[in-house]
Amino acid sequence: MKIIFQTPDIATADWFDAFPLLVRKWLMNKVSLAACLAAALLVAGCQSSGNTSIRKETAETVDQKIQDNVTTKQQVRTMFGDPMNVHFTDSGHEEWQYSYEYSRQNGTNFVPYYGSFSNGTHGREKNLTIIFNNDVVWHHSLTSSKVQAHDGL
C-alpha cells in the first residue's frame with residue numbers, strides 16, 4: 001500500500017485553503033497581531049519639540065546664513081521664525097533663543113518585564129542663540145549635543 005500526500009500548489013491562492021479552519025484563523029490572528037505590533041513600534045518611539053526651522057541646521061550652515069554685524073533682526077525672523085525665548089543681557093543687548101529636541105525610545109523599553117522597571121530615551125538637542133546690538137546681529141552660536149533621559153531602576 002502506497003500513501004501519497006498531495007501538497008497544494010504554492011503558486012496559486014489555494015494553498016491557504018488547504019489548512020483546516022482553526023489553523024487558518026490562528027495564523028491570521030498571529031499575522032494581524034504582528035502587523036499591529038510593528039506599526040505601533042514604528043510610530044510610538046519618536047518625539048520632537050521646539051522650533052523645527054533649526055532641525056537640519058549645523059554650525060556651518062548657520063554661519064553661512066547669519067553674519068555678525070551684518071544680518072538684521074528681520075532677516076533672522078524671516079529665516080527662522082519667531083524665537084522660543086527673548087530676554088536682555090546685563091549690558092542691554094537683546095538675546096533670541098531657538099531650540100529643537102528630537103528623541104526616541106530606548107529599545108529596552110519594549111522588553112517584557114524589564115521595560116516596566118526601566119524606561120529611557122536618547123536623542124539630540126540644538127540651541128541657536130543670537131545676540132543683537134540694536135537691530136543687527138552682534139554674536140550668534142549654534143550648539144548641538146546628545147541628550148539622554150532615564151527613569152526607573
Side-chain angles (χ1 to χ4, degrees), residues 10-13 15-17 19 22-153:
I10 294 179
T12 67
W15 70 271
F16 189 72
D17 294 332
F19 291 108
L22 289 176
V23 173
R24 284 188 290 178
K25 285 185 177 183
W26 178 83
L27 186 60
M28 287 303 292
N29 286 340
K30 296 299 179 193
V31 169
S32 298
L33 179 64
C36 289
L37 183 60
L41 287 176
L42 286 174
V43 296
C46 302
Q47 65 184 16
S48 64
S49 64
N51 191 315
T52 58
S53 65
I54 66 169
R55 178 176 51 141
K56 294 184 180 180
E57 298 292 343
T58 63
E60 292 80 21
T61 61
V62 169
D63 287 343
Q64 291 172 358
K65 293 178 180 181
I66 299 176
Q67 297 175 1
D68 293 349
N69 300 315
V70 175
T71 308
T72 65
K73 280 184 188 179
Q74 187 56 41
Q75 290 171 322
V76 171
R77 193 180 303 272
T78 301
M79 286 185 270
F80 302 110
D82 292 326
M84 297 284 289
N85 191 10
V86 176
H87 66 273
F88 291 89
T89 64
D90 291 339
S91 60
H93 293 102
E94 188 173 357
E95 183 175 313
W96 288 7
Q97 295 178 342
Y98 297 85
S99 63
Y100 177 77
E101 183 177 346
Y102 173 82
S103 63
R104 58 178 63 189
Q105 301 280 332
N106 292 341
T108 55
N109 295 356
F110 303 104
V111 175
Y113 301 110
Y114 181 79
S116 300
F117 299 104
S118 177
N119 288 306
T121 61
H122 64 281
R124 204 147 209 45
E125 180 179 10
K126 292 183 178 185
N127 291 301
L128 174 61
T129 303
I130 304 170
I131 302 173
F132 294 95
N133 186 16
N134 297 321
D135 285 344
V136 179
V137 173
W138 180 56
H139 182 71
H140 71 279
S141 68
L142 177 80
T143 58
S144 179
S145 58
K146 292 181 180 180
V147 292
Q148 292 183 342
H150 185 265
D151 62 339
L153 301 176

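Side-chain atoms are counted along with the backbone in the values below, which use heavy atoms only and exclude waters and symmetry mates.
Considering only residues two or more places apart in sequence or on other chains, H93 meets the ring-ring contact (aromatic ring centres under 6.0 Å, His included) condition with W138. Evaluation of the side-chain contact (heavy atoms from CB on, under 4.5 Å) rule for T72 yields Q74, Q75 as partners, not counting sequence neighbours. For Q97, the side-chain contact (heavy atoms from CB on, under 4.5 Å) partners two or more places apart in sequence, or in a different chain, are N85, H87, E95, T129. M84 meets the side-chain contact (heavy atoms from CB on, under 4.5 Å) test with N51, S99; sequence neighbours excluded. Taking the side-chain hydrogen bond (donor to acceptor under 3.5 Å, both in side chains) definition, one finds that T89 meets it with S91, sequence neighbours left out. Residues that satisfy the salt bridge (Lys or Arg N to Asp or Glu O under 4.0 Å) test with R55, not counting sequence neighbours, are absent from this structure. Applying the side-chain contact (heavy atoms from CB on, under 4.5 Å) test to D135 and every residue at least two apart in sequence or in another chain returns K73. Shown here are the salt bridge (Lys or Arg N to Asp or Glu O under 4.0 Å) partners of D68, two or more places apart in sequence or in another chain: there are none. Not counting sequence neighbours, Y100 has no partner by the ring-ring contact (aromatic ring centres under 6.0 Å, His included) test.
Here the shortest heavy-atom pairing between Y98 and F80 reads CE2-O, 3.5 Å. Considering every non-hydrogen atom in both V76 and T71, the closest pair reads CG2-CG2, 3.9 Å.
With rounding to the nearest 0.5 Å, the separation of CD1 in I66 from OG in S141 is 9.5 Å. The structure places CE of M79 at 7.5 Å from CD1 of I130, a figure rounded to the nearest 0.5 Å.
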Stepwise side chain to side chain contact (heavy atoms under 4.5 Å, CB included) test for T58 and T61: CA-CA 5 Å; T58 63; T61 61; 3.4 Å; yes

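Pairs engaging residues 80-93 under the salt bridge (charged side-chain N to carboxylate O under 4.0 Å, His left out) rule: R77-D82 [sequence neighbours left out]. A salt bridge (charged side-chain N to carboxylate O under 4.0 Å, His left out) check over residues 119-130, counting only residues at least two apart or in different chains, returns nothing. Among residue pairs with one or both ends in residues 56-66, those qualifying as salt bridge (charged side-chain N to carboxylate O under 4.0 Å, His left out) are E57-K65; sequence neighbours excluded.
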